[in-house]
**Q** 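Have a look at the structure that comes next, please.
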Amino acid sequence: MKIASWNVNSLNVRLPHLEQWLQAAQPDVVGLQETKLEDNRFPDAVLAGLGYRSVFAGQKTYNGVALLARGHALDDVVIGIPGFDDAQRRAIAATVNGIRIVNLYVVNGQDVGTEKYDYKLRWLDAVHGWIADELSRHPQLVVMGDFNIAPDDRDVHDPAVWNDESILTSTAERAALQRLLNLGLHDAYRLHHSEGGFFSWWDYRQAGFRRNLGLRIDLNLVSDALRDKTVAADIDREPRTWDRPSDHAPAWVQIA
DNA sequence: ATGGTAGCAGGGCTA
């Protein structure tokens with residue numbers, strides 16, 4: 001199974017990009033973030049025409065997540081973090097072909113010390129409890145998404161700028177990610193690549209993509225039970241070169 | 001510290 005995570009930054013604008021990428025990359029499961037669509041506007045019929053079933057949880061203007069699957073049903077769908085009261089649509093989970101998939105659009109946090117940053121840390125704490133519970137019932141688990149956290153200095157273009165006091169790389173954010181990994185999860189990209197300088201997000205501003213001024217913040221975490229079955233993982237930069245692209249590229253993992 | 005670009009929505013917020 002090829003499983004991918006992609007922050008499309010408006011599915012309304014990026015539907016043609018998604019269609020083109022699905023045809024080219026042929027993923028079996030796709031998690032989308034920042035669809036920015038209310039559910040009655042979700043293009044499930046268009047995606048069904050390409051062979052993908054979809055489940056989704058959206059809202060106007062901000063946030064919004066979805067899971068697509070080809071060839072298998074999406075079962076036991078959960079929307080939002082159970083027990084965590086949250087008006088923002090940032091989490092959706094489903095079981096596909098025996099693998100539990102959790103798709104997250106982690107809070108950005110704006111700046112260290114702000115109210116949004118506190119919300120980010122509280123949100124990640126709630127995710128930790130949820131994932132622990134999911135893992136106890138589903139040993140075969142993938143937690144994917146836009147984590148809005150760069151795991152270590154290899155994952156940022158300039159560690160002096162993106163330091164332990166910066167948003168997306170701060171000590172508390174990285175500790176929250178590490179705490180998730182400590183449940184028995186592995187960054188699939190790092191099972192297959194050890195070098196730095198490979199990113200999944202580049203700011204629209206100041207020609208960030210052309211200059212490769214990016215961060216690797218879009219991750220697929222695989223559980224212990226899936227670790228040895230994880231045969232490949234990578235980031236597909238090509239859609240970032242297309243006209244009017246998302247600022248994020250799809251990150252994928254292949255599970256045998 | 002600020003501003004640069006993009007999306008949504010038609011001004012300012014979010015990223």
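Atom set for the values below is all heavy atoms of this structure, side chains included, hydrogens, waters and symmetry mates excluded. What you see is a predicted model, and the numbers here were worked out from it, not measured in a lab. Here is how names work: the chains are called A, B, and so on, in the same order as the sequence lines, proteins then strands, and each is numbered from 1.
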**Q** Heavy-atom count check: over 12 atoms from other residues, nucleotides or ligands less than 6.0 Å from A:D158 CG?
**A**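 Check passes, neighbour count above 12.
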**Q** Quick one: does A:D28's side chain get under 4.5 Å of A:H72's, heavy atoms only?
**A**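 When only atoms from C-beta onward are counted, A:H72 and A:D28 do not touch, as no gap falls below 4.5 Å.
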**Q** Check ring-ring contact (aromatic ring centres under 6.0 Å, His included) between A:W130 and all other residues, then give those that pass, not counting sequence neighbours.
**A**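 Checked A:W130 against ring-ring contact (aromatic ring centres under 6.0 Å, His included); zero matches.
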**Q** Once you round it to whole Å, what is the distance between P of B:dA6 and CG of A:D243?
**A**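 Rounding to the nearest Å, CG of A:D243 and P of B:dA6 are 11 Å apart.
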**Q** I need the CG-C1' distance between A:N12 and B:dA6, as an integer number of Å.
**A**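 Nearest whole value for this atom pair: 14 Å.
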**Q** List in chain and number order the residues that pass salt bridge (charged side-chain N to carboxylate O under 4.0 Å, His left out) with A:D133, two or more places apart in sequence or in another chain; answer none if no residue qualifies.
**A**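 In terms of salt bridge (charged side-chain N to carboxylate O under 4.0 Å, His left out), with neighbours along the sequence ignored, A:D133 is linked to A:R137.
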**Q** In whole Å, I'd like the distance from the CG atom of A:L11 to the P atom of B:dC8.
**A**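 For the pair A:L11 CG and B:dC8 P, the rounded distance is 10 Å.
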**Q** Measure CG/A:L37 against P/B:dG7 and give the value in whole Å, please.
**A**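 So the two atoms are 14 Å apart, to the nearest Å.
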**Q** With rounding to the closest Å, how many angstrom separate the P atoms on B:dA15 and B:dA9?
**A**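 The answer is 15 Å between these two P atoms.
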**Q** Would you please say whether a donor-acceptor pair under 3.5 Å links the side chains of A:T114 and A:Y119?
**A**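 A:T114 vs A:Y119: no donor-acceptor pair found between side chains.
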**Q** For nucleotides 9-15 of chain B, read 5' to 3', which letter fits each nucleotide if B means a protein heavy atom sits under 4.0 Å from the base, S means only the sugar-phosphate is that close, and - means neither?
**A** S---BSB
**Q** Locate the shortest heavy-atom distance separating A:M144 from A:G31; write the atom from each residue and the value.
**A**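 Closest approach of A:M144 to A:G31, heavy atoms only: SD-CA, 3.5 Å.
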**Q** Tell me the interatomic distance from A:H17, atom NE2, to B:dG7, atom P, rounded to whole angstroms.
**A**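 Result: 9 Å.
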**Q** Please give the distance between the C1' atoms of B:dG11 and B:dA6 as a whole number of Å.
**A**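 Those two atoms are separated by 16 Å.
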**Q** Taking the P atom in each of B:dA1 and B:dG12, what is the distance between them to the nearest angstrom?
**A**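 About 25 Å, rounded to a whole number of Å.
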